[in-house]
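Okay, structure first, notes after.
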Amino acid sequence: MVVLSATQKQKGNILMKITVETLVKAPLPAVWHAWNNPDDIVQWNAASADWHTTGSKVDLREGGSFSARMEAKDGSMGFDFEGTYTRVEPQRVIEFVMEDKRAVTIEFTQESGGVRVRETFDAEDTFTAEQQRQGWQAILDNFARHVESRA
């Protein structure tokens with residue numbers, strides 16, 4: 001699912017929000033743990049088979065930080081995905097601000113059949129909204145497969 005909306009103005013530009021979501025067929029504690037555990041993150045945090053996460057750090061508290069090193073498997077490129085948590089409600093909501101000041105909200109909602117994980121993030125202007133949506137959705141789909149394979 002994708003939701004695109006122009007919700008704020010920033011320096012005269014429209015700031016677009018993109019939402020992706022999935023239903024993870026696992027108990028809420030397992031979903032929450034896998035989302036926030038560095039050992040799990042390195043197993044699911046990639047948008048395609050030719051990328052991987054080589055390291056992850058999580059200080060899950062308001063004011064705490066996180067980082068994940070994402071690299072192409074052939075070594076041709078890589079980047080650090082980093083931010084600071086601004087809101088943490090265990091097993092409900094995580095909000096953070098990335099280094100480039102874009103905001104992200106992740107909601108965990110118990111439903112019949114599993115946990116709905118919904119991510120809403122500020123779009124950036126290097127890639128198209130559709131490319132961003134596809135990349136974030138692919139990572140979220142990997143997350144669901146990872147958790148469900150362990151449930």
Side-chain angles (χ1 to χ4, degrees), residues 1-5 16-124 126-151:
M1 174 187 171
V2 64
V3 176
L4 304 175
S5 62
M16 184 184 319
K17 298 261 188 204
I18 300 172
T19 297
V20 295
E21 65 180 42
T22 193
L23 182 66
V24 183
K25 296 175 184 120
L28 181 56
V31 172
W32 181 261
H33 177 80
W35 188 269
N36 296 297
N37 179 3
D39 292 334
D40 283 293
I41 293 168
V42 298
Q43 295 179 49
W44 60 259
N45 191 33
S48 63
D50 54 340
W51 279 78
H52 62 158
T53 294
T54 59
S56 175
K57 295 179 184 172
V58 175
D59 180 8
L60 186 63
R61 62 181 175 82
E62 290 179 19
S65 63
F66 69 89
S67 66
R69 177 69 185 168
M70 301 174 83
E71 297 180 357
K73 288 183 178 177
D74 67 6
S76 63
M77 58 189 329
F79 64 93
D80 294 316
F81 183 77
E82 300 174 312
T84 302
Y85 297 108
T86 57
R87 179 178 168 204
V88 176
E89 293 182 29
Q91 298 187 17
R92 292 194 60 231
V93 176
I94 296 172
E95 292 181 352
F96 61 85
V97 176
M98 294 183 276
E99 281 201 327
D100 64 3
K101 307 299 182 210
R102 292 184 298 132
V104 179
T105 300
I106 306 125
E107 300 166 287
F108 301 82
T109 307
Q110 184 74 58
E111 296 183 4
S112 64
V115 177
R116 176 129 348 248
V117 180
R118 178 178 292 124
E119 287 186 278
T120 302
F121 60 96
D122 293 339
E124 44 98 346
T126 302
F127 296 97
T128 68
E130 182 57 22
Q131 289 171 316
Q132 292 174 70
R133 187 203 66 76
Q134 288 175 356
W136 285 61
Q137 185 67 56
I139 293 170
L140 193 55
D141 292 344
N142 282 341
F143 171 73
R145 281 190 294 276
H146 170 74
V147 176
E148 290 171 0
S149 74
R150 305 180 95 167

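The structure presented is a predicted model; accordingly, all values stated were derived computationally and were not measured.
- Here Phe66 pairs with Phe81, Tyr85, Phe96 under the ring-ring contact (aromatic ring centres under 6.0 Å, His included) rule; sequence neighbours left out.
- Annotation: side-chain contact (heavy atoms from CB on, under 4.5 Å) contacts of Ser56 (sequence neighbours excluded): Pro38, Ile41, Val42, Val58.
- Few gaps surround CZ on Arg145; more than 12 heavy atoms of other groups in view lie less than 6.0 Å from it.
- Of the inter-residue distances, the one linking His52 atom NE2 with Gln43 atom CD reads 13.5 Å to the nearest 0.5 angstrom.
- Within the 3.5 Å criterion, the main-chain N or O of Glu148 finds no donor-acceptor partner in the side chain of Lys25.
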### Task
Show your working on side chain to side chain contact (heavy atoms under 4.5 Å, CB included) between Ile94 and Leu60 and close with a plain yes or no.
CA-CA 9 Å; Ile94 296 172; Leu60 186 63; 4.2 Å; yes
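- Judged as a ring-ring contact (aromatic ring centres under 6.0 Å, His included), and not counting sequence neighbours, the contacts of Trp35 are Trp44, Phe108, Phe143.
- Not one N or O on the side chain of Glu119 forms a donor-acceptor pair closer than 3.5 Å with the backbone of Glu21.
- Atom CZ in Arg116 sits 13.5 Å away from atom CG in Leu28 (nearest 0.5 Å).
- By the side-chain contact (heavy atoms from CB on, under 4.5 Å) test, Glu95 pairs with Thr86, Arg87, Val93, Thr105, sequence neighbours left out.
- Remark: Ser48 OG to Gln134 CD distance equals 11.5 Å, nearest 0.5 Å.
- Side-chain N or O atoms of Gln132 include one that pairs as donor or acceptor with a backbone N or O of Phe127 at under 3.5 Å.
- Here the straight-line distance linking atom NE2 of His146 with atom CG of Asp141 works out to 14.5 Å at 0.5 Å rounding.
- The nearest pair of heavy atoms linking Ala103 to Lys17 is CB-NZ, 4.4 Å.
- Ala123 and Ile18 get closest at one heavy-atom pair: CB-CD1, 3.8 Å.
- The shortest heavy-atom contact between Ala138 and Ala47 is CB-O, 3.3 Å.
- Taking OG1 of Thr22 as the start and CD1 of Ile139 as the end, the distance is 13.0 Å to the nearest 0.5 Å.
- For residues 26-54, the set of pairs meeting the salt bridge (charged side-chain N to carboxylate O under 4.0 Å, His left out) definition, not counting sequence neighbours, comprises Asp40-Arg150.
- Side-chain atoms of Thr53 come within 3.5 Å of backbone N or O of Asn45 as a donor-acceptor pair.
- Among all heavy-atom pairs drawn from Ala46 and Met70, the shortest one is CA-CE, 4.5 Å.
- Salt-bridge check for Arg61 with Asp59: passed, with a basic side-chain N closer than 4.0 Å to an acidic carboxylate O.
- When atom types are taken as modelled, the side chain of Arg102 and the backbone of Asp122 share a donor-acceptor pair closer than 3.5 angstrom.
- The ring-ring contact (aromatic ring centres under 6.0 Å, His included) check on Phe121 picks up Trp136, with sequence neighbours excluded.
- Considering only heavy atoms from C-beta on, Gln91 comes within 4.5 Å of Pro29 through its side chain.
- A pairwise comparison of heavy atoms in Val147 and Ala26 identifies CG1-CB, 3.5 Å as the closest pair.
- The NZ atom of Lys57 lies 12.5 Å from the CZ atom of Arg69; values are rounded to the nearest 0.5 Å.
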